[in-house]
Undergrad: 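Got a structure here, written out as structure tokens. Questions coming.
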Amino acid sequence: MTLFENFPLVAALSAIILSQVIKIPIAYFLSRPSTVALAISTGGMPSSHSAGVTALVTSLLIEYGIASPYVAIAFTFGVIVMFDSMGVRRQSGEHGIIINELIRDFDDLKKSFSKYNHEEVLQEDDEELRSRGFLGHKPIEVFFGIISGIIIALVISLFY
């Protein structure tokens, strides 16, 4: 079997890629910062995590039916991935935002005591010390990821 004959794999990977790419125009229409970097970042609308696992489950349902153990495995995996993207990863992102605020406060404090000249502590452009926020997803982003995954799997099934 060649790679492109594996319908569930093609559906899942296509859903991930398409949902990442579609984040750019969606961010633009929602008046949020939209750059090409958004296509390779985590978080955002729709959730590529949810789209990928939902496309996998949908394609396995089409190919093997609801009684398949493959569907059970993929469904369980999908629930864990979606729960994680909304829960643990989202909390990590919120912690990252707070850490960045603390670093900014520290920068302001350092500037107010500049007579001590402790520049080695934290440089203004020291981006690797700053945490990335927005790692996870809001429930609405997961919901639209699920819808995207189902639609993408159904469209791809027309070619198999």
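Values below: all heavy atoms of this structure, side chains included; hydrogens, waters and symmetry mates excluded. This is a predicted model, so every value here is computed, not measured.
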Undergrad: Of the non-hydrogen atoms in Ala15 and Gly149, which two are nearest, and what is the gap between them?
TA: CB-CA, 4.5 Å

Undergrad: Would the distance check show the side chain of Ser157 and the main-chain N or O of Leu154 forming a donor-acceptor pair, the cut-off being under 3.5 Å?
TA: yes

Undergrad: Hydrophobic cluster membership, with links at side-chain heavy-atom distances under 4.5 Å among I/L/V/M/F/W/Y: are Ile146 and Ile73 in one?
TA: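 No, Ile146 does not connect to Ile73 through the hydrophobic network.
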
Undergrad: Look at the side-chain heavy atoms of Ile, Leu, Val, Met, Phe, Trp and Tyr, link any pair under 4.5 Å apart, and say whether Ile26 and Ile147 land in one connected group.
TA: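 Yes, Ile26 and Ile147 fall within the same hydrophobic cluster.
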
Undergrad: Would you indicate whether the side-chain heavy atoms of Ser48 and Lys23 approach each other to under 4.5 Å?
TA: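 They are in side-chain contact.
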
Undergrad: Under the 3.5 angstrom rule, does the side chain of Thr54 hit a backbone N or O of Ala51 as a donor-acceptor pair?
TA: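 Absent.
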
Undergrad: Between Ile150 and Val71, is there a shared hydrophobic cluster once you connect ILVMFWY residues whose side-chain heavy atoms come closer than 4.5 Å?
TA: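 Hydrophobic grouping puts Ile150 apart from Val71.
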
Undergrad: I'd like to know if the side chain of Ser85 reaches the main chain of Met82, judged simply by a donor and an acceptor atom lying under 3.5 Å from each other, with no hydrogens or angles considered.
TA: yes

Undergrad: Can you tell me if Ile40 has over 12 outside heavy atoms packed within less than 6.0 Å of its CD1?
TA: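 Counting neighbours around CD1 of Ile40, 12 or fewer heavy atoms of other residues, nucleotides or ligands fall under 6.0 Å, so no.
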
Undergrad: What distance do Leu61 atom CG and Leu56 atom CG have between them, rounded to the nearest 0.5 Å?
TA: 9.5 Å

Undergrad: Would you mind reporting whether Phe77 and Val57 have side-chain heavy atoms less than 4.5 Å apart?
TA: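 Heavy-atom side-chain distance check fails, nothing below 4.5 Å.
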
Undergrad: For the hydrophobic clusters of this structure (ILVMFWY residues joined by side-chain heavy atoms under 4.5 Å, transitively), does one cluster hold both Phe7 and Leu18?
TA: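 Shared cluster, yes.
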
Undergrad: Might you point out which heavy atoms bring Leu60 and Ala74 nearest each other, and give the distance in Å?
TA: CD1-CB, 3.5 Å

Undergrad: Could you tell me if the side chain of Val81 sits less than 4.5 Å from the side chain of Ser50, heavy atoms only?
TA: no

Undergrad: Determine whether a donor-acceptor pair (N or O, by modelled atom type, separation under 3.5 Å) exists between the side chain of Glu141 and the backbone of Lys138.
TA: yes

Undergrad: Are Leu30 and Phe143 in one and the same hydrophobic cluster, where Ile, Leu, Val, Met, Phe, Trp and Tyr link if side-chain heavy atoms are under 4.5 Å apart?
TA: yes

Undergrad: Judged by atom type as modelled, is there a donor-acceptor pair below 3.5 Å linking the side chain of Ser68 to the main-chain atoms of Gly65?
TA: no

Undergrad: Find out whether Tyr160 and Val10 are in side-chain contact, i.e. whether some heavy atom of one side chain is under 4.5 Å from a heavy atom of the other.
TA: yes

Undergrad: How does the hydrophobic cluster around Ile80 look, that is, which other residues are in it when side-chain heavy atoms under 4.5 Å mark a link?
TA: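 Under the 4.5 Å side-chain rule, Ile80 groups with nothing.
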
Undergrad: Can you tell me how far apart CD1 (Ile22) and OG (Ser19) are? Round to the nearest 0.5 Å.
TA: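 The CD1 atom of Ile22 sits 8.5 Å away from the OG atom of Ser19.
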
Undergrad: Nearest 0.5 Å, please: how far is CD1 in Ile156 from OG in Ser14?
TA: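 Between Ser14 OG and Ile156 CD1, I get 3.5 Å after rounding to 0.5 Å.
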
Undergrad: List the residues meeting ring pair (Phe, Tyr, Trp, His ring centres under 6.0 Å) with Tyr70, not counting sequence neighbours, and say none if there are none.
TA: Tyr64

Undergrad: In terms of heavy-atom contacts, does CD1 of Ile24 have more than 12 from other residues, nucleotides or ligands at under 6.0 Å?
TA: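 Count over threshold, so yes.
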
